[in-house]
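Fair warning: this is a prediction, and the values are worked out from it, not measured in the lab.
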Amino acid sequence: MAKQNVAGQFVDILVRAGVKRLYGVVGDSLNPVVDAVRRNAAIDWVHVRHEETAAFAAGAEAQITGKLTACAGSCGPGNLHLINGLYDAHRSMAPVLALASHIPSSEIGLGYFQETHPDQLFRECSHYSELISSPKQMPRLLQTAIQNAVGRSGVAVVSLPGDIADQPAPERAAESALVTSRPTVRPGDAEIEKLADMIDRAQKVTLFCGSGTAGAHAEVMEFAGKIKSPVGHALRGKEWIQYDNPYDVGMSGLLGYGAAYEATHECDLLILLGTDFPYNAFLPDDVAIAQIDVRPEHLGRRSKLDLAVWGDVRETLRCLIPRVKEKTDRRFLDRMLKKHAGALEGVVKAYTRKVDKHVPIHPEYVASVLDELADDDAVFTVDTGMCNVWAARYISPNGRRRVIGSFSHGSMANALPMAIGAQFTDRGRQVVSMSGDGGFSMLMGDFLTLVQYDLPVKVVLFNNSSLGMVELEMLVAGLPSYGTTNKNPDFAAVARACGAHGVRVEKPKDLAGALKSAFKHKGPALVDIVTDPNALSIPPKISAEMVTGFALSASKIVLDGGVGRMLQMARSNLRNVPRP
């Protein structure tokens, strides 16, 4: 039997770490690794059309499963294409191992064809980025990379020259135990007591939640009920905290709605739970603030803190709840619930036009119909730009649905690649890519990946023939729109030419039927919906500082769709509010 080479050993270690797929594009320096994947039945090679897609797909799979995933790029330009998707995965705290194959080891530093220095180039978008320079070094270095990716929740990069990958693996290499999951982290008793004392002394407490509340829904609800606190959330906290929440006051930030802004500014104590909310202009500067986060580098970097608590949200709340006194005064909570319901009533009633006849179709209407028709456990991948607005306001979470996007990195073209990674985790689960025409066309080549692997992703294309968010940025800056118009093909015809189901929708009356037919189709499908480019969005509170560098509009257009569902929940919550 032929002796195992370094590439084979590399792939074996990935398999032991739980990696099921390696996303990438083949290339000469990667050939030994790709061949090792071919010979290993426990792992698959996923051939995408662009390495950026590979990184986005791996990041999405990691976010869905919570487990280590992997992607790869050949030397020079190949692995450089990974970098944008890796930035997104790293900022989303997705555990991803990236293999950056390299030029022949004897040529490094001599200006060889396609030479770069990947071990240096990827350092800013990873916790760990190192070069393998000998076969004996590989097992320990790869193990260290895996432990960085999993233990610190982010990207680790291994650079491997193709000639070293093809060399014989060292004999009797130790099979060390691998870290494949993270522990829970709880604060010390002193911090718990300090936070409990702050809560007991405060009359009005507000909780503001981010993605760090994943898995802590029950604890947050119990905590809010005990201290009579309104609960707001950031965009990445929406899917984890909004559903089944009698204390919900909506979302703050540039895509916000409801009374979350007021609740965070009118309290005595604001507690930030697992959020690295970047828009400090929406945070108060005149109330006491405590922050709980499992990543200590997040503590205090967005606002001045009165107390920093290092710990996992769920474990911290489990320690905290028995130590705080139950509050009996719920006047602040009730006032915020009334404000929230009133704000939603206002935006729903503000819309008066007949949406079932308006052409071009209102994108809000598309999102609301999509919300109604999609499965209760669907995964939505969302393009950056106006699709973020429609998903934030109209896709209703329920504890089973997932909504992922480039919410921290803000990259275009993320939705389709993320849908690929999400669908590979479960072919029987509905995956919907909410794509804009600009983002979709940027990496449109990987629609062919859906066809090649017969992935049943449903691409719902919001086609306004423009870079809508950029046009709004220009509008608020007092600039005429320029360079934002897209001359698009019939994307449905393109989808059919690729061998997928494709339908174009130009009239509202045809929308529901088109979506239903796409959802029933067993393979990949694209619904090209011609939408109104003049649809605008505005957050609940704005200032000149908030406007800078971001798209805000001069009008509110909100339909009775997903926001209508939020209104129904808000009305339901008001039943618990005492009547005067």
Is there a donor-acceptor pair closer than 3.5 Å between any side-chain N or O of [X] and the backbone N or O of [Y]?
X	Y	result
Thr213	Trp240	no
Trp310	Ile292	no
His233	Ile241	no
Glu191	Val309	no
Glu219	Glu315	no
Asn388	Thr384	no
Ser126	Ala156	no
Arg401	Glu239	no
Lys458	Gln430	no
Asp268	Ala202	no

Can you tell me how far the [atom1] atom of [X] sits from the [atom2] atom of [Y], to the nearest 0.5 Å?
X	Y	atom1	atom2	value
Met418	Thr53	CE	OG1	11.0 Å
Asn148	Ser129	CG	OG	10.5 Å
Thr316	Leu273	OG1	CG	9.0 Å
Tyr257	His340	OH	NE2	6.5 Å
His127	Ser153	NE2	OG	7.0 Å
Asn414	Ser435	CG	OG	8.0 Å

Are any of the side-chain heavy atoms of [X] and [Y] separated by less than 4.5 Å?
X	Y	value
Asn245	Val220	no
Phe380	Leu370	yes
Asp197	Arg201	yes
Met198	Asp306	yes
Ile529	Val460	yes
Arg152	Gln147	no
Ser229	Leu207	yes
Glu266	Arg335	yes

For the student: nearest non-hydrogen atoms of [X] and [Y], plus distance:
X	Y	answer
Arg323	Asp200	O-OD2, 4.2 Å
Val231	Ala224	CG2-CB, 3.7 Å
Ile146	Ala17	CD1-CB, 3.9 Å
Ile227	Lys327	O-CD, 3.3 Å
Met251	Leu235	SD-CA, 3.5 Å
His265	Leu283	NE2-C, 3.8 Å

NZ (Lys226) with more than 12 external heavy atoms under 6.0 Å: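 Atom NZ in Lys226 is packed in, count exceeds 12.
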Glu193 atom CD, over 12 foreign heavy atoms within 6.0 Å: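 Atom CD in Glu193 is crowded, with more than 12 foreign heavy atoms closer than 6.0 Å.
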Chi angles and distances behind the side-chain contact (heavy atoms from CB on, under 4.5 Å) call for Thr381, Ser433: CA-CA 5 Å; Thr381 61; Ser433 172; 3.6 Å; yes
Leu272 vs Phe277, side-chain contact (heavy atoms from CB on, under 4.5 Å): CA-CA, chis, key distance, verdict: CA-CA 9 Å; Leu272 306 175; Phe277 184 68; over 6 Å; no
With sequence neighbours excluded, what pairs up with [X] under the side chain to side chain contact (heavy atoms under 4.5 Å, CB included) test?
X	answer
Glu297	Arg295
Asp329	Arg331
Asn84	Glu52, Phe56, His409, Ser411
Pro230	Thr206, Val249, Ala263, Phe332, Leu333, Met336

Salt bridge (charged side-chain N to carboxylate O under 4.0 Å, His left out) contacts in which one or both residues fall within residues 377-388, not counting sequence neighbours: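 Matches after skipping sequence neighbours: none remain.
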Evaluation steps, salt bridge (Lys or Arg N to Asp or Glu O under 4.0 Å), between Asp334 and Lys338: CA-CA 6 Å; Asp334 293 341; Lys338 289 179 179 178; over 6 Å; no
Please tabulate, for the side chains in residues 63-71, all donor-acceptor contacts under 3.5 angstrom to protein atoms that are two or more places apart in sequence or on a different chain.
residue: Thr65; atom: OG1; partner: Glu61; partner atom: O; Å: 2.9
residue: Thr65; atom: OG1; partner: Lys67; partner atom: N; Å: 3.1
residue: Thr69; atom: OG1; partner: Ala58; partner atom: O; Å: 2.8

Residue pair Met386, Thr531: steps toward the side-chain contact (heavy atoms from CB on, under 4.5 Å) verdict: CA-CA 11 Å; Met386 296 308 294; Thr531 59; over 6 Å; no
Criterion side chain to side chain donor-acceptor pair (under 3.5 Å) against Arg301, the qualifying member of Asp276, Asp293, Asn280: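 Among Asp276, Asp293, Asn280, the one meeting side chain to side chain donor-acceptor pair (under 3.5 Å) with Arg301 is Asp276.
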Working for side-chain contact (heavy atoms from CB on, under 4.5 Å), residues Asp44 and Phe424: CA-CA 11 Å; Asp44 292 321; Phe424 265 114; over 6 Å; no
Donor-acceptor pair between Asp312 and Thr184 side chains, under 3.5 angstrom: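 There is no such pair (donor and acceptor under 3.5 Å, judged by atom type) between the side chains of Asp312 and Thr184.
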Mutual orientation of the aromatic rings belonging to Tyr243 and His217 [parallel < 30°, tilted 30-60°, perpendicular > 60°]: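 Rings of Tyr243 and His217: parallel, as their planes differ by under 30°.
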Parallel, tilted or perpendicular: rings of Tyr394 and Trp390 (30°, 60°):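 Tilted, since the angle between the ring planes falls between 30° and 60°.
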